[in-house]
Protein chains: 2
Amino acid sequence: MSLMAELRNTEARRSKSERKLIDYVLANPEAVLNTPIARLAAAVGVSEPTVNRFCRAMGAQGFPDFKLRLAGELARSRPSMTRDIEVGDAASHVAAKIFEATHASLDSAHNNLDYKALEKAVDALHDARAIVLCGLGASASVAQDAQHKLLRFDTPVTTHSDIINQRVAAAGLAEQDCLVCISYTGRTRAIVDIARMGRDCGATVIGLTAPGSALARACELVLAVEGGEDTELYTPMTSRIAQLVIIDVLVTTLALRKGSAFADRLRAAKHSLAGTRVR
Amino acid sequence: MSLMAELRNTEARRSKSERKLIDYVLANPEAVLNTPIARLAAAVGVSEPTVNRFCRAMGAQGFPDFKLRLAGELARSRPSMTRDIEVGDAASHVAAKIFEATHASLDSAHNNLDYKALEKAVDALHDARAIVLCGLGASASVAQDAQHKLLRFDTPVTTHSDIINQRVAAAGLAEQDCLVCISYTGRTRAIVDIARMGRDCGATVIGLTAPGSALARACELVLAVEGGEDTELYTPMTSRIAQLVIIDVLVTTLALRKGSAFADRLRAAKHSLAGTRVR
DNA sequence: CCAATTAAGTAGTTTTATTACATTTTTGAC
DNA sequence: GTCAAAAATGTAATAAAACTACTTAATTGG
């Protein structure tokens, strides 16, 4: 299992100090790399030996080795800079680069998938009285896609890409409801507000966003998707693809959880389209 | 430039000791990672400060930082995926299958990409007075995604996911306009009608759909995406992902075609979001 | 060949990481 | 609840590693 995934997945069974460390590393993985053990220990609020023991527990030989592993991990999950696109590329080159970057982004998303959170999210969606999806900008289309998939189930699903409607909907949530907030960066203030409102109402708030971001912190459950494409100009939004695939996983797992009784319903959904088709 | 490549490329213009170091690092990159500076210096036959200076010359902050960079480099070049799904939980198996299917779908889309059609589509979008995007159901979110990307350019873009509005918009197209119709199956009657209406108006009609389908036949230009997910019940819509990536390629190629003057506009688009962000 | 310049080394200093041991906290039996 | 055992965490000293200032050697261009 990848280091970051291991951190997330084993967090529950670890001690208090170790959880603090995990939280910090997940939130600022890059920062850890150029931080000496003393400063990290101080920042997290634990002692140096605790950090060292933690590194060993994670399978490293010590703190420096832990940093090396983390560096490898991060490098791998970040599509390499050589993949940026330059002017003068023919369409086929552009295509090759974009497909490659997308493959890499998918691998990264797969390796970093937090199954614990995923299972919990499936539970939440399964038990929800109603599901509300919120996204803005590019994430609005992700939300819409998710809605389309979730419509096949028997839980009412609504999607909002209008911040006023989002607020109204979020303010009206009940405890049995489930709110899904989508954002690449996790830094869009409006969505962070929505997540907070959802939690204030007692609803289960799921974030499909960058780990460690403001939105991630505001959500009860986080399905992590590294952002990262906000920097380059021409680079496509590969993490959006990762989000969509995670939604696929989420919905498919949910379908399985709903059980075979639901196969009929899915068949009916499909059948409903027959009249719209030509040959 | 990547670190290893830089090592190789600059070897000629470096001093004797540095060349010895480069040779050693290129020969045993992995070994360097768990070697302290003293041992490395001894192994290469130079002094410790020489190693340190060398690391700085390579752009690192010092020896430890050099190792971190090297670790990232190596991680990236190592066969990336170790498809290790351990736990017997449902979610990880579902995830593995879906990611695999998505990879396959991407490969297929890449291999079947018609660059001629792609270039023509880019030309059409480049020259268009206005762009209209139409999609229904799951394709509506694809259309919305495309719109979000195209909004950065200076051509007016509208998206319709309502069949009445689609018809009104399609009926009002002019010769200089471009209509993009999106559908997995290419068999949705409503969208086929829209494409025909668009052609009747003299607009350039681009179809992002299954090759050979009714919609494909109705369009002037076809960007082919194999459907195929209509059969299985639980299988996710992987071809939607392929469509999105093709849109990435289309838009990126268009951006390059628009030229460097457009970099400013893209930057402005990005900058416009600054006010919406939190830390 | 000899200043000027650059490269490399030595030795000492500082920073960083680790170890051994002490203290606190948690756990589980009664 | 109380107490002992075990686990977790912290303190302080030690060891390891990296870096700096300075010296010596090598290289280069006149």
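Throughout, a chain's letter reflects where its sequence line sits, starting with A, and its residues are numbered from 1. These values consider heavy atoms only, across backbone and side chains, with no hydrogens, waters or symmetry-generated copies. Quantities reported herein were computed from a predicted structural model and do not represent experimental measurements.
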Review point. Once you round it to whole Å, what is the distance between P of dA26(D) and CZ of R19(B)?
Key: 16 Å
Review point. What integer distance in Å separates I37(A):CD1 from dT18(C):C1'?
Key: 8 Å
Review point. Would a distance-only check, ignoring hydrogens and angles, find a side-chain to backbone donor-acceptor pair under 3.5 Å from K67(B) to T35(B)?
Key: yes
Review point. Expressed in angstrom and rounded to an integer, what is the separation of Q61(A) atom CD from dA17(D) atom C1'?
Key: 15 Å
Point to revise | Atom CD1 of I163(A): over 12 foreign heavy atoms under 6.0 Å | key: no
Review point. Has N52(B) got a side-chain N or O lying under 4.0 Å from the OP1 or OP2 atom of dC19(D)?
Key: yes
Exercise for review: Among dG9(C), dA17(C), dG10(D), find the nucleotide with the atom closest to the side chain of P64(A).
Suggested key: dA17(C)
Practice item. Could you check R53(B) against D65(B) and say which one's nearest nucleotide on DNA chain D is further toward the 5' end? Key: D65(B)
Point to revise | Phosphate OP1/OP2 of dG9(C): any T50(B) side-chain N/O under 4.0 Å | key: yes
Review point. Do the side-chain N or O atoms of K20(B) get closer than 4.0 angstrom to the phosphate oxygens (OP1, OP2) of dA8(C)?
Key: no
Point to revise | Closest to side chain of E48(A), choosing from dT27(D), dG9(C), dA17(C) | key: dA17(C)
Review point. Do side-chain atoms of R167(A) reach the backbone of I194(A) as a donor and acceptor pair under 3.5 angstrom?
Key: no
Check your understanding: Between the main-chain N or O of A104(A) and the side-chain N or O of S108(A), is there a donor-acceptor pair closer than 3.5 Å?
Key -> no
Revision key, fill the gap. Testing dA17(C), dT9(D), dC19(D) for proximity to the side chain of S47(A), the answer is dT9(D)
Review point. Of all the choices, dA8(C), dG9(C), dA20(C), which nucleotide is nearest to the side chain of P49(A) once you look at every atom?
Key: dA20(C)
Check your understanding: In whole Å, what is the span from the CZ atom of F63(A) to the C1' atom of dT15(C)?
Key -> 13 Å
Review point. At under 4.0 Å between heavy atoms, what does V51(A) touch on the DNA or RNA strands: base, sugar-phosphate, or nothing?
Key: nothing
Check your understanding: When you measure from the side chain of K16(B), which nucleotide among dA17(C), dT27(D), dT19(C) comes out closest?
Key -> dT27(D)
Point to revise | Side-chain N or O of R56(B) closer than 4.0 Å to phosphate OP1/OP2 of dT20(D) | key: yes
Exercise for review: Write down the distance between CD1 (I22(A)) and P (dA8(D)), rounded to a whole number of angstrom.
Suggested key: 13 Å
Review point. CG of N34(A) versus P of dT16(C): gap in Å, rounded?
Key: 12 Å
Check your understanding: What is the distance, rounded to the nearest whole Å, between atom CZ of F54(A) and atom P of dT18(C)?
Key -> 14 Å
Exercise for review: May I ask you to say whether R189(A) pairs ionically with D193(A), meaning some side-chain N is under 4.0 Å from a carboxylate O?
Suggested key: no
Practice item. Return the 5'-most residue of the pair G45(B), T35(A) with respect to DNA chain C, ranking by each residue's nearest nucleotide. Key: G45(B)
